[in-house]
Amino acid sequence: MKRLISALVQDKPGVMNRISSLFRRRGFNIESIAVGPSEQEGFSRMTIVAENAPTGAVDQLTKQLYKVVEVVRATDITEQETVAKETIFVKVRANSEARADVIRIAEVLKAEVADIATESMILELTGDTGQIARLLDLLTPFGIKEIVRTGQIAITRGE
Amino acid sequence: MRLTGGEILCKALLAEGVDLVFGYPGGAILPFYDDLVRNPGLKHILIRHEQGAAHAADGYARATGKVGVCLATSGPGAINLATGLATANMDSTPIVAITGQVARAAIGKDAFQETDITGITLPITKHNYLVMTAEEIPNVVKEAFHIARTGRPGPVLIDIPKDVFVEEAEYVSALDTNLPGYKPTVKGNNSQIKRAATLINESSKPVILAGRGVMISEAENELKNLAEQAQIPVVPTLLGIGGFPGTHYLNLGLMGMHGSAYANLAVDQSDLIIGIGCRFDDRIVGRVSDFATGAQIIHIDIDPAAIGQNVPAHVPIVGDAKSILTDLVPRIDGKNRSDWLQHVDNLRHDHPLFIPESEKLLPQHVIQRIFEETSGNAVVITGVGQHQMWAAQFYLIDKPMNWITSGGLGTMGYEVPAALGAALGRPDDQIWSICGDGGFQMTLNELATIRDEKIPVKFAIINNGNLGMVRQWQELFYDKRYSQIDVKGPDFIKLADAYGMHGIRVTRKDDVNEAILEANAHPGPVIVDFVVEAEENVYPMIPAGQSVKEMVEAPRPVSEAQR
């Protein structure tokens with residue numbers, strides 16, 4: 001099962017290494033890790049998605065994350081109410097013939113057209129995992145040339 | 001005041017109360033060695049291999065409770081510290097390692113003797129730093145010592161490029177640490193403490209499992225109060241030895257893989273385990289599903305990641321052992337548990353820890369004689385293996401910080417340099433290093449350091465000519481297919497002579513006492529080569545990953561069994 005971990009960390013060299021190393025040590029793969037400045041100057045917030053990690057092991061790992069000196073907070077938010085989204089760019093094959101169909105799909109799924117070239121288009125979508133999977137499903141028949149994803153960012157709801 | 005990075009480092013170390021460092025010079029750290037010449041307040045011990053510097057700093061820290069400091073140059077020097085750092089990390093020992101690094105402009109260019117030591121030591125230190133400007137040094141040093149000695153202590157490494165040692169900066173003594181992510185919990189949660197008290201008061205068959213955290217937090221008196229007031233037997237972990245008097249009637253000695261049968265049985269039959277400052281390590285627990293199945297578990301530790309790591313805790317309490325026990329003990333009813341204690345005594349009587357009757361020179365006998373001839377007052381350092389287990393069984397330690405052994409990492413070779421560090425930290429105490437002949441050969445290069453510093457360590461080499469614990473496992477689990485266990489050493493008496501030490505060889509049981517007395521009376525370092533029985537096994541034994549049900553006790557002579 002996928003686990004979603006949110007961490008507030010000091011913005012210093014090597015912090016990412018210390019955190020990812022705890023996953024590596026156990027042979028867990030990190031599906032995505034998204035980092036950016038937080039509401040506090042000098043601190044970043046990370047959202048980590050770990051795949052195939054047993055719950056018990058993640059509890060233990062979260063405690064060990066918390067032991068990293070630069071980590072101020074680390075929480076497994078998988079079971080919590082969250083808003084979790086990611087952004088994807090998809091470069092899809094679309095010549096003049098296919099273009100209208102791709103634009104139609106983009107409209108229905110609320111994706112933006114970020115760029116149009118003679119043989120391809122770039123769509124941009126920010127959404128949850130399901131929305132992104134739907135977009136990819138519908139675009140696959142056209143031929144997907146390239147995908148770039150930010151990885152999920154997640155925030156807990158309420159206070 | 002403008003000073004060089006090296007001068008600032010000296011001031012920062014002195015400000016932390018450092019007066020002794022163990023190290024080895026080399027290219028990248030040369031500027032700092034030049035500063036050491038002008039700072040005699042920082043006494044430097046020139047070891048013979050950097051691994052020895054880390055172990056010596058570790059032994060010093062365990063023997064004194066202070067932070068040990070070691071130095072090494074970049075590349076191979078720094079990497080050689082790794083075993084010592086990992087040893088300290090597993091056993092929660094506060095050390096600060098300072099390594100030279102290649103000059104800033106050369107970092108990342110595969111420069112001569114460059115190695116990414118902060119990368120290498122990341123998982124084996126509590127924290128580490130790469131210092132890129134001289135002006136950072138005071139704060140980094142202050143933070144490093146703070147991190148090393150507080151919370152669950154551990155090693156911290158500071159890597160300093162060569163040109164940072166010579167860079168000038170305005171010296172401002174460290175103001176305060178800036179560690180927003182580092183706030184070890186000291187005070188235990190009150191409602192958890194109340195729950196723990198209720199469990200203890202309701203328990204009729206409790207045991208205490210006491211780890212090294214008891215000594216780190218100086219909670220020995222609180223532990224004694226708890227045990228005596230509530231009449232609870234105490235089982236120390238291998239690292240917890242000394243936190244509760246070894247000769248106390250409530251002390252059951254070591255449990256686990258080579259613990260006494262009665263300690264293992266008592267824990268197995270208990271209805272409550274109060275774990276204090278310990279990790280419930282796999283050598284104690286064995287098969288988790290069969291561990292003390294009738295017992296609830298209270299787990300007190302300052303490291304939240306240690307709680308529930310191996311066995312689930314019914315009442316977890318994160319915090320400092322002394323603080324928590326101080327809050328807990330007044331809530332504990334004085335209780336008569338004579339039925340339980342009588343039962344434990346019966347276990348002790350029916351499953352005794354004993355030394356087989358023999359005319360041969362048995363290793364257990366040697367250790368027991370050392371215990372008696374030093375009145376149990378020596379600081380004992382051990383290596384790793386059979387001799388370590390026998391020392392834990394038969395040298396009963398009454399005082400904290402008198403037992404120094406590599407538990408978590410199980411580092412052979414620890415016994416020589418750690419003894420050097422412990423002896424420098426405790427100049428007024430008798431220092432006995434109980435060594436295996438295998439481990440001793442791993443680090444005997446430090447004998448030169450011991451000779452130079454005129455350190456009166458007594459080395460008792462439990463010399464069975466083979467890797468005893470490996471041999472025991474091969475005998476029991478590999479059908480006596482002995483593979484690569486003959487580690488016959490040099491002539492240890494000639495070796496003693498070569499290093500300018502006194503050497504004594506003992507081959508007969510009758511000569512043991514005299515040799516120990518002679519070693520104790522000798523003013524300098526002594527190597528006693530006890531040529532012991534080669535194929536003696538450590539009992540009892542619970543094979544790895546198994547439970548008390550599979551415990552193998554020593555074969556007992558008929559007379560003993562009938563008693």
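Throughout, a chain's letter reflects where its sequence line sits, starting with A, and its residues are numbered from 1. Heavy-atom basis, side chains included; hydrogens, waters and symmetry copies ignored.
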Problem - A:Ile147 atom CD1, over 12 foreign heavy atoms within 6.0 Å - result: yes
Problem - A:Lys67 and B:Arg152, any side-chain heavy atoms less than 4.5 Å apart - result: yes
Practice task
Just jot down the side chain to side chain donor-acceptor pair (under 3.5 Å) partners of A:Lys110, sequence neighbours excluded, or say none.
Solution key: none
Problem - Minimum-distance pair of heavy atoms, taken over all atoms of B:Ala305 and A:Gln64 - result: CB-CG, 3.8 Å
Handout entry: Exceeds 12 heavy-atom contacts within 6.0 angstrom, atom CZ of A:Arg26
Key = yes
Exercise for the section: Name the region of A:Val69, side chain, backbone, both or neither, that has any atom closer than 4.5 Å to a heavy atom of chain B. Expected result: both
Handout entry: Neighbour count >12 (heavy atoms, 6.0 Å) for atom CD, A:Glu112
Key = no
Handout entry: Exam field: side chain A:Lys63 to backbone B:Gly308, donor-acceptor pair closer than 3.5 Å
Key = no
Exercise for the section: Step through the shown structure and confirm whether more than 12 heavy atoms of other residues, nucleotides or ligands are within 6.0 Å of CZ on A:Phe43. Expected result: yes
Exercise for the section: Can you establish whether the number of heavy atoms outside A:Glu97 located under 6.0 Å from its atom CD is more than 12? Expected result: no
Exercise for the section: Give, as side chain, backbone, both or neither, the part of B:Lys183 having an atom under 4.5 angstrom from any heavy atom of chain A. Expected result: neither
Problem - Within 6.0 Å of CD in B:Glu135, more than 12 heavy atoms from elsewhere - result: no
Handout entry: Proximal component of B:Asp303, with respect to chain A [non-hydrogen, under 4.5 Å]
Key = side chain
Problem - Inter-chain contacts: residues 3-25 of chain A against chain B, heavy atoms under 4.5 Å - result: A:Gln10, A:Asn17, A:Arg18, A:Ser21
